[in-house]
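A, B, ... follow the sequence lines: proteins, then strands. Residue 1 opens every chain. Note that the structure is predicted; figures quoted are calculated from it, not measured.
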Amino acid sequence: MRMSTLFSQTLREAPADAEMPSHKLLVRAGFIRQLAAGIYTIMPLGKRSITKIENIMREEINAIGGQEMTMPVVHPAEVWKETKRWYQIGSEMGRFKDKHDRDMVLAMTHEEVVADLIRKEIHSYRQLPALIYHIQTKWRDDPRPRAGLIRVREFTMKDSYSLDADWEGLDKQYRAHYQAYFDIFHRCGIPVIAVKSDVGMMGGKMAHEYMYLTPFGEDTLLICNGCGYAANRQVAPFEKKALPEEAMLPLEKVATPDCKTIAGLAEFLTIPEARTAKAVFMVADIPEGESSAQKFVFAILRGDMELNETKLTNALKASELRPATEEEIIAIGATPGYASPIGLPKTNAYLPVVIVVDDLIPESYNLVAGANDAGYHLLNTNLGRDYQADIIADLTAARAGDVCTVCGGSFEEVRGVEVGNIFKLGTRYSDSMGCTYQDKDGKEKPIIMGSYGIGSGRLLAAVAEEYNDEYGLIWPITIAPYQVHLVMLPAKKGAGERGSEGDVEKAANQLYLDLQAAGVEALYDDREESPGVKFNDADLIGLPIRLTVSERGLRDGLIEYKRRDRKEKRMIPRGEIIEAVKAEIAALEAEIQAKVVEAPFDE
RNA sequence: CGGGGUGUAGCGCAGUUGGAAGCGCGCUGCGUUUGGGACGCAGAGGUCCGGGGUUCAAGUCCCCGCACCCCGACCA
């Protein structure tokens, strides 16, 4: 590609909007342009890199038996109603009506479409197992897109769907993906770890997320420093320290003026926060068939713990969960700052109340809780005697320093970006959409599904995040839009020669043709720009190998040769340059290949 | 959805007390330059986010919207 005709421009300064290095550099180098919040155009350079990423995905998924296809971006709402996700998913689903006033859905993911397809196509165990995948645009109306391509609303994802006759088959395909995903990430040059994750809106049994660790990441992970166990903070279990068992003491109401926080209360009564009960108020939408019921949630946990909203959502099987407002707290008859499950009115005009209690509370005796009376708390409250729980579950968020349930080690917190995930869906979709096959014995059985996704744009951004310096991007050879950046520095010209092609141009043009003939992908800077401009653009775009053709070098028949990731330059005779480049490409590819290793499966 | 911020040329920004819309980079033409974002001359480019209002006069003050960014909530 000649840069004089490349549809892309570098920018000296990044837009003020950009903060993350990957975002700034991808914009400055001309890989992406923004259309709206979380909606980007992928420019030619970016498209070439994304295509390479997607081809790596194709190779690896084909290698484990995948068959590529394409499924629609626009879905009739019927299939989403069948699985109930039409009702369960909130505002992040893109909905519209077609001209016949039919409800339509913009694809967020394709389980419903796959399920509809296979209930029509698959009838016999002979058709199983199968693995289908596609690389397709998705729309998720994220409430807060940010960080360039890391978190967008419209994005392209490779997602595969495994179809099996039995659970052993699912395990096998899940394991195959587990490794194939590591291979994909490693071939793109980025280190990742696999962690246990929440199944979220996907439903199903087991799930792993692949996390690229970076301080700019938006997910918090807990990693055990003893055994290496890693989990998303949303699901991480941990060892809770119960208080010693003691006899229940009688309830006692005490005045606690201006103690609206746990910290204030503990200080006022000079007791540890662990001796208090914290009440957190949420309003949840809980799906019931085709509609959903709003409920007021009273979550009780020990004062020294933090509520994990994902765990609470899962305990409630809620579709939406948000903090209650002060007006709502008052409306159910509780007293903000001094609220408690004890002494709540049995009925209220506002919403039904659900009391959800953390599983540490039954083992915690004589806690201090609010009295539902401004300025007063109750001493010695006890679950079972003083109030009842509707649900008891693990509700608390693990934090750095908490104890690992596997080995007793302690957790550290790190940040990461989720670049891929794999789910054992099981029969969640087969059941709701009637996807069955006939087994050897003639019985109808549900097809067992798995789903596996990687976002290509987010992966590109993660690679850009991992490989850059103060001058620009530094692409791994496998992802670089071109392998070689050929810089031509035109010679000084006398007045009469202007416009004619000089020796340097001739040599550079020839080298460009030779590179192409040798199958090397080259970006040729044939523009009339000063050397500084060309070198800075080359550094910014970040192709792995740079060749410079100049009068200075040509005098001795030499071409300058430099790797983007190294400082040193070499001068190589013209006749040897193609071989040198090919050898370097092979060496760079070997460097990446060396990173593709077997990963232990974390059950 | 809560909190904060920003909207002026393609990009980065300035714009005083309310009184003629500017600077740097980029862009066009000509010339001089040519190994790390050169220089001169001449140009083009504006819905000052939008709508109302106050005023003799609004980029500037007031009201209402919108967009984008950041933190949180949320989220495969």
Side-chain angles (χ1 to χ4, degrees), chain A residues 9-20 23-24 27-28 30 33-39 85 89-93 108-111 138 140-148 150-153 155 157 159 195 197-204 207-211 216 218-219 232 234-235 282-283 307 309-310 313 318-326 417-423 425 451-455 458 471-472 487-495 498 502 504 527-540 546 548-554 560 562 569 571:
Chain A
Q9 268 186 303
T10 56
L11 301 177
R12 191 176 290 217
E13 290 176 276
D17 285 351
E19 287 219 334
M20 275 180 88
H23 185 193
K24 287 185 190 172
V27 172
R28 282 192 56 210
R33 292 289 183 256
Q34 185 174 23
L35 175 65
I39 306 180
R85 288 208 285 187
I89 296 172
S91 55
E92 65 270 27
M93 180 184 278
M108 311 179 71
T109 173
H110 285 77
E111 282 75 19
K138 321 268 176 177
R140 293 182 194 171
D141 199 353
D142 196 300
R144 192 176 158 216
R146 60 172 159 169
I150 296 283
R151 189 169 168 134
V152 291
R153 297 194 290 168
F155 59 101
M157 176 181 266
D159 49 334
V195 304
S197 71
D198 180 41
V199 294
M201 72 170 179
M202 303 299 297
H208 283 91
E209 288 172 341
Y210 291 79
M211 306 296 306
F216 289 98
E218 54 193 3
D219 283 321
N232 195 303
Q234 293 175 330
V235 294
M282 312 290 286
V283 174
L307 177 68
E309 292 187 19
T310 304
T313 303
S319 58
E320 300 264 358
L321 188 69
R322 61 168 174 82
T325 63
E326 192 149 314
V417 171
E418 181 187 349
V419 287
N421 54 46
I422 57 179
F423 286 91
L425 298 176
S451 87
Y452 316 84
I454 300 180
R458 182 180 281 191
Y471 303 107
V487 176
M488 184 266 294
L489 301 182
K492 291 178 191 172
K493 281 175 189 160
R498 175 137 298 269
V504 178
R527 299 173 302 170
E528 285 196 34
E529 288 289 352
S530 72
V533 171
K534 293 190 173 194
F535 288 137
N536 278 305
D537 277 350
D539 287 344
L540 181 56
R546 189 184 78 192
T548 306
V549 181
S550 70
E551 187 178 39
R552 202 168 78 182
L554 235 38
E560 183 192 273
K562 181 180 176 297
K569 303 165 187 166
M571 300 305 292

* Expressed in whole Å, how much space separates the C1' atoms belonging to C68(B) and C25(B)? -> 23 Å
* U28(B) pairs with, by Watson-Crick or G-U criteria that keep both distances under 3.5 Å -> A42(B)
Using a cutoff of under 3.5 Å, can you pull out all pairs of nitrogen or oxygen atoms linking the protein to nucleotides 43-51 of chain B, with atom names and distances?
none

* Asked: More 5' along RNA chain B: Arg458(A) or Arg153(A), using each one's nearest nucleotide?
  -> Arg153(A)
* To do: Measure from CG on Asp142(A) to C1' on C68(B) and round the result to the nearest Å.
  => 15 Å
* To do: Find which nucleotide of RNA chain B each of Ala18(A) and Met157(A) is nearest to by heavy atoms, and output the residue with the more 5' nucleotide.
  => Ala18(A)
* Sticking with atom P, work out how far C27(B) lies from G22(B), rounded to a whole angstrom. => 23 Å
* Under 4.0 Å: is that the gap between some side-chain N or O of Gln9(A) and OP1 or OP2 of C27(B)? -> no
* Minimum-distance nucleotide to Ala37(A) side chain [options: G35(B), C68(B), G36(B)] -> C68(B)
* **From G36(B), C13(B), G37(B), nucleotide with atom closest to Ala16(A) side chain** => C13(B)
* **Arg12(A) side chain near G37(B) phosphate (N/O to OP1/OP2, under 4.0 Å)** => no
* To do: To the nearest Å, give me how far apart CD1 (Ile39(A)) and P (A67(B)) are.
  => 12 Å
* What nucleotide, of G26(B), C71(B), C75(B), holds the atom closest to the side chain of Glu92(A)? -> C75(B)
* Asked: Out of G36(B), C70(B), C68(B), which nucleotide sits closest to the side chain of Arg146(A)?
  -> C70(B)
* Which nucleotide sits closest to the side chain of Glu560(A): C70(B), A73(B), G35(B)? -> G35(B)
* Structure fact -> Winner on side-chain proximity to Val533(A), out of G37(B), C74(B), C11(B), is G37(B)
* Asked: In whole angstroms, how far is the P atom of A38(B) from the NZ atom of Lys534(A)?
  -> 13 Å
* Asked: Any side-chain N or O of Ser530(A) under 4.0 Å from OP1/OP2 of A38(B)?
  -> yes
* Where the side chain of Gln34(A) is concerned, which of C69(B), C74(B), G72(B) is the nearest nucleotide? -> C69(B)
* Rounded to whole angstrom, note down the P distance from G15(B) over to C49(B). => 14 Å
* Does G36(B) have a Watson-Crick or wobble mate here (both distances under 3.5 Å), and if so which one? -> none
* Quick one: which of G37(B), G35(B), C11(B) gets closest to the side chain of Pro15(A)? -> C11(B)
* Do you know the tightest heavy-atom contact between Met488(A) and Pro490(A)? -> O-CD, 3.4 Å
* To do: Choose from G37(B), C70(B), C68(B) the nucleotide whose nearest atom is closest to any side-chain atom of Asp17(A).
  => C68(B)
* To do: Mind checking Ala538(A) for me? I need base, sugar-phosphate or nothing, with any heavy atom below 4.0 Å counting as a touch.
  => nothing
* Write down the partner of C68(B) under the Watson-Crick or G-U wobble criteria, each distance required to be under 3.5 Å. => G5(B)
* **Of the listed nucleotides G37(B), G36(B), C75(B), the one nearest the side chain of Asp539(A)** => G36(B)
* Under a 3.5 Å limit for both distances, which nucleotide forms a Watson-Crick or G-U wobble pair with U54(B), could you say? => none
